[in-house]
Amino acid sequence: METKNKPTLYWFLLKFNDWHFYIASTSKGLVFVGSQNKPFEELFEWAKKFFPESPLVENDEMLEPYAVEITQYLEGKRKTFAVPFEYVGTPFQLAVWNALCEIPYGQTKSYSDIANAINKPTAVRAVGTAIGANPVLITVPCHRVIGKNGSLTGYRGGLEMKTLLLNLEKRVSSSNE
């Protein structure tokens, strides 16, 4: 039974080719997209921190709309997401994550670009920390943030996953030109 303080977290193991990652939602929206090929403990530890009283329930049907959109993205058939989100973060984190959603598909921005976008130009390090705390990888495109010099920098899913996502978007974008 879901209560205000203890929403049920529904989860699903999404499998796409060699990719396996856990996704989770409440009844209100997507709250977590895990790292590529990480064990269930990644989701369990995140849930314990942000939803400590909430039960974790496997529910393929509840997560199907999210799984479909993420799969379409990975297939190069989707550039934006229409499913609802239920962000869990501070007001500063929410501002950063919303700014990430404004980065167009196939493009990148620097950490300082994001700091400027939220009118906090001196908060570049805090922006980096907020990006690193993004619980919904892929769908909130923190992979599109790179170093000011164009280098690939940290990513919760690992630099290999970040590279794969950026290459996918570059390939899809160039094939549409």
Side-chain angles (χ1 to χ4, degrees), residues 1-16 19-75 77-105 109 111 114-115 117-120 123 126-145 154-158 161-162 165 169:
M1 182 167 109
E2 192 161 310
T3 66
K4 183 173 179 161
N5 296 331
K6 299 185 228 178
T8 299
L9 290 179
Y10 303 99
W11 66 269
F12 174 73
L13 175 59
L14 193 152
K15 297 177 182 178
F16 176 80
W19 293 48
H20 299 112
F21 47 91
Y22 290 91
I23 60 175
S25 76
T26 64
S27 60
K28 295 179 183 176
L30 189 67
V31 294
F32 182 84
V33 175
S35 305
Q36 178 187 13
N37 302 330
K38 294 285 183 175
F40 182 77
E41 284 73 30
E42 181 190 32
L43 168 59
F44 180 77
E45 291 300 322
W46 178 86
K48 194 164 69 171
K49 183 175 180 180
F50 293 100
F51 291 90
E53 302 292 319
S54 295
L56 274 166
V57 176
E58 184 175 11
N59 189 322
D60 300 2
E61 185 178 323
M62 176 72 94
L63 277 291
E64 183 180 8
Y66 307 106
V68 166
E69 287 198 9
I70 293 169
T71 299
Q72 289 170 340
Y73 167 86
L74 294 171
E75 292 171 335
K77 298 176 182 174
R78 173 175 289 278
K79 294 182 179 183
T80 60
F81 293 91
V83 292
F85 295 93
E86 185 178 359
Y87 295 129
V88 180
T90 67
F92 181 81
Q93 288 172 326
L94 298 179
V96 170
W97 300 339
N98 286 327
L100 297 177
C101 291
E102 299 299 316
I103 303 171
Y105 182 94
K109 299 280 183 184
Y111 293 90
I114 301 302
I118 63 166
N119 296 315
K120 303 276 187 190
V127 164
T129 300
I131 290 171
N134 172 19
V136 281
L137 298 181
I138 301 172
T139 55
V140 174
C142 54
H143 61 276
R144 296 180 189 154
V145 180
Y155 183 66
R156 180 171 62 86
M161 183 177 178
K162 184 172 188 165
L165 294 172
E169 291 187 11

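Sequence positions, counted from 1, serve as the residue numbers for this chain.
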### Query
If you look at every heavy atom in S35 and G157, which pair is closest and at what distance?
OG-CA, 3.4 Å

### Message
Less than 4.5 Å apart, side chain to side chain, heavy atoms only: is that true for L13 and F40?
### Response
no

#### Entry: Under the salt bridge (Lys or Arg N to Asp or Glu O under 4.0 Å) test, residues paired with K77 that sit two or more places apart
E75

### Message
Are more than 12 heavy atoms, taken from residues, nucleotides or ligands other than E58, located less than 6.0 Å from that residue's CD atom?
### Response
yes

### Task
Please list, chain by chain and in numerical order, all residues satisfying side chain to side chain donor-acceptor pair (under 3.5 Å) with Q72, sequence neighbours excluded.
R78

### Query
Does any N or O in the side chain of W97 come within less than 3.5 Å of the main-chain N or O of C142, such that one atom is a donor and the other an acceptor?
no

### Query
Is the distance between the ring centroids of F32 and Y22 under 6.0 Å?
no

### Task
Would you mind reporting whether L63 and S25 have side-chain heavy atoms less than 4.5 Å apart?
yes

### Query
Side chain of R156, backbone of P135: donor and acceptor closer than 3.5 Å?
yes

### Message
To the closest 0.5 Å, what do you measure between CG (L14) and CD1 (I23)?
### Response
5.0 Å

### Task
Quick one: list whatever passes ring pair (Phe, Tyr, Trp, His ring centres under 6.0 Å) with Y111, sequence neighbours left out.
none

### Message
What I'd like to find out is whether the side chain of I70 reaches to under 4.5 Å of the side chain of F21, using heavy atoms alone.
### Response
yes

### Query
Quick one: does Y155's side chain get under 4.5 Å of L165's, heavy atoms only?
yes

### Task
Check whether any side-chain N or O of E86 sits under 3.5 Å from a backbone N or O of T26 as a donor-acceptor pair, and report yes or no.
no

### Greater than 12 external heavy atoms within 6.0 Å of K162's NZ
yes

### Message
Do I138 and F81 make a side-chain contact, defined as non-hydrogen atoms from C-beta onward lying under 4.5 Å apart?
### Response
yes

### Min side-chain heavy-atom separation I103-I114 under 4.5 Å
yes

### Sub-4.5 Å side-chain heavy-atom contact between V31 and W46
yes

### Whether over 12 other heavy atoms sit under 6.0 Å from E61 CD
no

### Message
Would the distance check show the side chain of K79 and the main-chain N or O of E169 forming a donor-acceptor pair, the cut-off being under 3.5 Å?
### Response
no

### Gap between atom CG of L56 and atom CH2 of W11 - 0.5 Å precision
8.5 Å

### Within 6.0 Å of CZ in F50, more than 12 heavy atoms from elsewhere
yes

#### Entry: Residue pair N134 / V136, side-chain heavy-atom distance below 4.5 Å
yes

